[in-house]
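We name chains A, B, ... by the order of the sequence lines, and we start the count at 1 in each one. FYI, side chains are in, hydrogens and waters are out, and symmetry mates aren't considered; it's all heavy atoms of this structure.
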2 protein chains.
Amino acid sequence: MSRTAPLMLNLSAADPRPITRQITDGIRRLIATGEIDVGAQLPSVRGLAKQLTVNPNTVAKAYSELNNEGWLDSRQGLGLFVAEPRQRFSDSERERRLAVAIDTFGAEVLGLGYTTDEILERLEVELSPLLDKRSA
Amino acid sequence: MSRTAPLMLNLSAADPRPITRQITDGIRRLIATGEIDVGAQLPSVRGLAKQLTVNPNTVAKAYSELNNEGWLDSRQGLGLFVAEPRQRFSDSERERRLAVAIDTFGAEVLGLGYTTDEILERLEVELSPLLDKRSA
DNA sequence: ATTGCTGTACTAATACATATAGTACAGTTA
DNA sequence: TAACTGTACTATATGTATTAGTACAGCAAT
């Protein structure tokens with residue numbers, strides 16, 4: 001049975017990201033910040049679907065992606081559990097993804113009128129808690 | 001008539017962004033970096049469509065967005081021209097967009113294994129040429 | 001063993017966003 | 001008048017996201 005606490009996760013219709021993406025991003029963040037412990041069990045596919053009032057298929061898809069990326073371990077018949085932190089991508093893939101993220105970010109802040117320094121300052125505040133834990 | 005130089009702009013099928021977005025992002029960048037001068041005329045809707053081998057409607061849509069955001073000025077029957085730099089969004093809208101961009105960026109670099117400092121260093125290099133001109 | 005939970009794997013239907021195709025019209029200039 | 005400009009439509013095809021429903025195999029407790 002193994003009851004599981006609800007995830008501190010909210011979906012927003014205003015958010016332009018698709019539901020699946022909102023779920024994967026949210027869970028990655030919870031893991032990275034340590035709000036979910038390594039080894040902890042996640043809500044079941046059907047349970048989280050009910051909590052978020054979305055289709056179980058949508059949750060299953062999100063879980064499947066996180067499993068493929070190595071954030072979660074699946075144990076058949078048992079459930080999904082937060083995996084040990086590990087190297088998730090090849091060096092070239094890491095580099096490629098960072099470059100894409102920076103390009104995209106640049107395109108989005110272009111024309112907002114902020115200076116580079118203003119933006120870097122904000123980024124440091126926001127990124128530190130995400131990246132400077134050993135579960136990320 | 002007013003011939004116009006081709007834009008240094010390439011579309012990529014590998015790029016996940018829709019074509020319209022690739023065009024708007026690309027032109028914003030060209031303007032911000034000063035590769036297109038303020039007051040310069042842009043290629044015609046049909047001309048750029050031919051250059052990029054996309055539908056004229058797609059270019060028109062991209063131009064229309066840039067016009068609405070104040071990057072371009074439209075003169076009926078004449079063409080589209082790079083507008084004078086100006087405040088393009090309200091303060092709250094600027095702040096909202098920056099927050100969204102930072103959130104998105106954080107979600108994308110999460111789990112890549114970079115430290116905050118490594119990322120900030122890379123960002124400074126990439127953002128400076130985009131943001132520290134007076135056409136941005 | 002049965003019951004009830006777990007993840008996983010399908011098919012089908014619907015809605016939405018994107019891009020293309022084609023046509024049309026008003027303003028500008030040579 | 002002719003040849004350009006931007007702009008505004010309708011229609012169509014395609015891909016993605018989501019929902020709905022069904023099914024099956026693994027695990028644990030009664």
Side-chain angles (χ1 to χ4, degrees), chain A residues 1-7 9 11-27 39-83, chain B residues 1-7 9 11-27 39-83:
Chain A
M1 168 125 322
S2 69
R3 306 236 8 43
T4 313
L7 283 192
L9 189 60
L11 301 184
S12 161
D15 195 318
R17 289 173 301 174
I19 300 177
T20 307
R21 187 71 198 279
Q22 290 189 50
I23 295 175
T24 54
D25 285 356
I27 292 179
Q41 180 173 11
L42 275 79
S44 73
V45 167
R46 295 167 181 82
L48 183 57
K50 191 167 191 182
Q51 177 193 326
L52 301 175
T53 51
V54 298
N55 193 281
N57 290 332
T58 306
V59 175
K61 188 179 175 190
Y63 276 175
S64 166
E65 284 182 23
L66 293 171
N67 184 36
N68 289 336
E69 288 179 2
W71 293 88
L72 303 181
D73 288 331
S74 162
R75 295 187 224 157
Q76 249 297 23
L78 273 179
L80 289 155
F81 302 82
V82 176
Chain B
M1 165 101 9
S2 67
R3 306 240 0 49
T4 314
L7 284 192
L9 188 60
L11 302 184
S12 161
D15 195 318
R17 289 172 302 174
I19 299 176
T20 308
R21 186 72 198 278
Q22 288 189 52
I23 296 175
T24 54
D25 285 355
I27 293 179
Q41 181 173 11
L42 275 79
S44 72
V45 166
R46 296 167 181 81
L48 183 56
K50 191 166 190 183
Q51 176 193 329
L52 300 176
T53 51
V54 297
N55 194 281
N57 290 332
T58 306
V59 174
K61 187 179 174 190
Y63 276 174
S64 167
E65 284 182 24
L66 293 171
N67 184 36
N68 289 336
E69 288 179 2
W71 292 87
L72 303 180
D73 287 331
S74 164
R75 295 188 225 154
Q76 250 296 25
L78 271 179
L80 289 155
F81 302 82
V82 177

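The OG1 atom of A:Thr4 sits 4.0 Å away from the CD atom of A:Gln41 when rounded to the nearest 0.5 Å. Rounding to the nearest 0.5 angstrom, the gap separating the CG atom in A:Leu48 from the CG atom in A:Leu9 is 6.5 Å. The CZ atom of A:Arg17 lies 11.0 Å from the CD1 atom of A:Ile23; values are rounded to the nearest 0.5 Å. One distance of note links CG of B:Leu52 with CG of B:Leu11; it measures 4.5 Å at 0.5 Å rounding. Distance check: A:Leu66 CG to A:Asp73 CG gives 11.5 Å after rounding to the nearest 0.5 Å.
The side chain of B:Thr58 lies closest to C:dA19, out of D:dT19, D:dG6, C:dA19. Side chain of A:Gln76, nearest nucleotide from D:dT19, D:dT7, D:dG26: D:dG26.
What separates CD of B:Glu65 from P of C:dA17 is a distance of 14 Å, to the nearest Å. Taking atom CG of residue B:Leu78 and atom P of nucleotide D:dT5, one finds them 11 Å apart after rounding to whole Å. The CG-C1' distance, from B:Asn68 to D:dT7, rounds to 12 Å in whole Å. For the pair B:Gln41 CD and D:dT5 C1', the computed distance is 8 Å after rounding to whole Å. At whole-Å resolution of the value, CD1 in B:Ile19 and P in D:dA13 are 19 Å apart. Protein atom CD of A:Gln22 is 19 Å distant from nucleotide atom P of D:dT16, rounded to whole Å. In this entry the distance linking CZ of B:Arg75 with P of D:dT7 reads 13 Å, nearest Å. Straight-line distance from the CG atom of A:Asp73 to the P atom of D:dC27: 15 Å, rounded to whole Å.
Residues B:Glu65 and B:Lys61 have side chains in contact (heavy-atom distance under 4.5 Å, counting atoms from C-beta outward).
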Exercise. Does the pair A:Ile27 and A:Tyr63 meet the rule for a side-chain contact (heavy atoms from CB on, under 4.5 Å), with working shown?
Worked result: CA-CA 9 Å; A:Ile27 292 179; A:Tyr63 276 175; 3.6 Å; yes
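Taking the nucleotide of DNA chain C with the nearest heavy atom to each of B:Asn55 and B:Gly77, the more 5' of the two is matched to B:Asn55. Each of A:Lys61 and B:Tyr63 was matched to the nucleotide of DNA chain D holding its nearest heavy atom; the match closer to the 5' end belongs to B:Tyr63.
Listed in residue order, the members of residues 44-53 of chain B having a heavy atom less than 4.0 Å from DNA chain D are B:Ser44, B:Val45, B:Arg46.
If you check distances only, the side chain of A:Asn67 never reaches the base of C:dG7 with a donor-acceptor pair under 3.5 Å. For A:Asn57 against D:dG21, a side-chain N or O and a base N or O form a donor-acceptor pair under 3.5 Å.
Between B:Ser64 and D:dT7 there is no side-chain N or O to OP1 or OP2 distance below 4.0 Å. Residue A:Thr20 places at least one side-chain N or O under 4.0 Å from the OP1 or OP2 atom of D:dT18.
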